Amino acid sequence: MRMIDLIEKKREGGVLTKEEIQFFVDGYTDGSIPDYQASALLMAIFYKDMTDEEITNLTLAMANSGDVIDLSSIEGIKVDKHSTGGVGDTTTIVLAPLVAAVGVPVAKMSGRGLGHTGGTIDKLEAIPGFEVEIPNDKFINLVNKIQVAVTGQSGNLAPADKKLYALRDVTATVDSIPLIASSIMSKKIASGADAIVLDVTTGDGAFMKNLDDAKRLAQTMVRIGKLAGRNTMAVISDMSQPLGEAIGNTIEIEEAINTLKGNGPEDLTEMVYVLGSQMVVLAEKAETLEEARAMLVEALESGKALEKLKEMISSQGGNPDIVDHPEKMAQAKYTIELPALESGCVREIHAENIGIAAMILGAGRKTKEDSIDYSVGVKLHKKVGMTVEKGETLVTIYSNTDSIEDVKEMLYNNISIGEQVEEPALVRAIIT
Ligand code: URA
Ligand code: CA
């Protein structure tokens with residue numbers, strides 16, 4: 001088999017066979033297929049798409065390119081959740097301890113930031129000492145012992161995805177339905193969860209900018225999950241504006257803590273209950289979503305979920321004191337408040353550019369080798385649909401430099417104020 005023939009076949013809109021897909025995944029993983037040929041195939045896939053069967057074969061080949069974790073020694077139905085990416089998406093850090101607090105084992109494999117989107121693993125590293133690279137056996141022990149562990153994509157989990165993900169990031173082939181679906185589902189299948197709740201984001205801050213594409217991505221992933229024998233469902237959620245108020249690392253950890261204390265932003269809190277209820281039902285700890293939600297509300301309001309977060313932090317080597325003293329995390333040198341330049345209703349907050357503004361401050365990576373400044377970010381005081389008076393604080397910027405004219409301009413240019421609009425609906429569709 002020759003790689004050039006596969007590229008040509010896909011370029012002409014052909015359908016790759018299972019053997020051809022396996023040849024590509026094996027060869028790219030072991031280095032016998034070079035980046036330039038893989039890039040060409042990715043771009044051909046981007047333009048010519050893939051059939052369901054091709055996507056399923058690609059997913060399974062990627063899932064089997066490395067270790068496949070066996071979680072069967074953990075009692076109960078293990079549920080994972082995965083978002084297709086967003087700006088200020090702090091849900092996992094609230095959701096993992098909350099769902100664990102009602103007795104659902106949460107074996108969560110999370111990622112780092114990609115493009116303008118943030119990653120849970122980067123955020124957790126803002127907690128002093130927190131270890132995100134946990135060996136498989138310790139990961140399993142932790143879930144058995146305290147019901148929750150959050151780890152990064154361990155050394156040999158779906159290595160094909162690891163390489164392809166990095167290549168896509170620099171070849172303009174991230175926002176492709178077959179490539180996102182296979183990337184996410186290969187990791188979920190390899191990481192061993194029995195059931196999967198997908199949060200498929202849509203809107204300006206997501207990779208899927210419109211609802212139809214988001215639905216197609218969700219349907220594709222749900223089908224692949226079921227074909228692989230995992231109970232899978234998807235919530236399509238709004239990412240036209242950032243989720244919650246904080247976009248950064250330290251400040252998102254603080255936001256997660258506040259949410260577990262019952263003082264979180266409304267949209268983040270609601271998103272956590274929506275996704276959490278689905279997880280509890282898939283784990284068969286509740287029969288209905290209403291019952292599941294009531295369990296979660298009780299765990300949050302009683303403080304059990306907050307205790308679980310502390311337990312999770314200390315079990316992974318982090319300092320649990322930050323829960324009561326978030327100021328023990330790295331703090332930015334400058335706190336700069338941006339006043340609203342006019343009175344009116346906040347009409348739009350362009351999530352992608354707000355994410356890029358946070359990245360320019362240092363909260364994300366511009367290149368793969370960049371390191372992250374945990375202390376910086378932006379906090380939105382007004383969300384879409386809220387009214388603001390001229391002079392009132394619109395945004396707080398956390399920065400380690402005071403020359404941030406470009407960031408200020410970017411924030412002003414991407415938040416529009418004017419006539420009254422409705423708050424956008426958070427849940428756009430449910431796909432089962
Ligand atoms: N998250 C992933 O894991 N992969 C993608 O391709 C996009 C978001
Ligand atoms: Ca947030």
Side-chain angles (χ1 to χ4, degrees), residues 42 45-46 55 58-59 62-63 80-95 108-123 126 152-153 157-158 160-191 196 198-202 205-208 213-214 217-218 220-221 224 237 239 241-259 264-272 349 351 354-355 358 363 377-381 383 395-396 398 426:
L42 292 175
I45 293 171
F46 181 92
I55 303 173
L58 179 59
T59 304
M62 281 162 64
D80 202 346
K81 170 243 134 183
H82 200 91
S83 156
T84 56
V87 177
D89 185 347
T90 320
T91 48
T92 293
I93 302 158
V94 184
L95 198 54
K108 178 81 186 81
M109 187 87 53
S110 286
R112 296 196 181 271
L114 179 69
H116 64 279
T117 69
T120 298
I121 290 300
D122 294 328
K123 293 169 198 176
Q153 188 173 353
L157 190 113
D161 171 63
K162 218 178 206 173
K163 282 188 81 174
L164 287 170
Y165 194 88
L167 188 63
R168 286 166 56 214
D169 202 20
V170 292
T171 55
T173 49
V174 170
D175 44 352
S176 146
I177 290 174
L179 297 179
I180 295 176
S182 55
S183 166
I184 291 178
M185 295 310 288
S186 66
K187 281 176 285 204
K188 297 296 103 179
I189 290 167
S191 62
I196 303 158
L198 297 165
D199 176 9
V200 177
T201 51
T202 181
F207 293 121
M208 294 296 108
D213 286 345
L217 175 62
T220 304
M221 290 196 289
I224 297 172
S237 69
M239 192 48 77
Q241 61 175 338
L243 188 65
E245 293 161 2
I247 303 119
N249 294 280
T250 297
I251 59 174
E252 281 196 55
I253 295 289
E254 201 174 336
E255 182 171 71
I257 294 166
N258 288 337
T259 305
E266 233 175 82
D267 58 349
L268 174 61
T269 306
E270 179 59 20
M271 202 59 223
V272 163
I349 306 178
I354 303 291
V378 299
K379 197 177 278 175
L380 305 169
H381 294 267
K383 302 286 301 272
V395 180
T396 301
Y398 299 86
L426 199 55

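Numbering of ligands and ligand atoms starts at 1, following listing order. As the structure is a computational prediction, the values presented were derived from the model and not from experiment.
- A pairwise comparison of heavy atoms in D161 and S183 identifies OD1-OG, 2.7 Å as the closest pair.
- Taking both residues in full, the closest heavy atoms of G205 and V87 are given as O-CG2, 4.1 Å, listed atom of the first, atom of the second, then distance.
- Taking a cut-off of 3.0 Å, the protein N, O or S atoms nearer than that to the Ca ion (ligand 2) are G88 O, T90 OG1, L243 O, A246 O, E255 OE1.
- For the pair T91/S83, no side-chain contact is recorded, criterion being any heavy-atom separation below 4.5 Å from C-beta on.
- For ligand 1, residues of the protein lying within 4.0 angstrom by heavy-atom distance are H82, T84, Y165, R168, I180, S183, I184, K187.
- Among all heavy-atom pairs drawn from G244 and L380, the shortest one is O-CD1, 4.4 Å.
- At a threshold of 4.5 Å between non-hydrogen side-chain atoms, the residues M185 and I55 do not count as touching.
- You'll find the side chain of I180 stays beyond 4.5 Å of the side chain of T220, heavy atoms only.
- Within the 4.5 Å cutoff, the side chain of L164 has heavy atoms near those of the M62 side chain.
- Taking both residues in full, the closest heavy atoms of G88 and I247 are given as CA-CG1, 3.9 Å, listed atom of the first, atom of the second, then distance.
- Summarising the geometry of L198 relative to I184, their closest heavy-atom pair is CD2-CG2, 4.1 Å, with the distance given to 0.1 Å.
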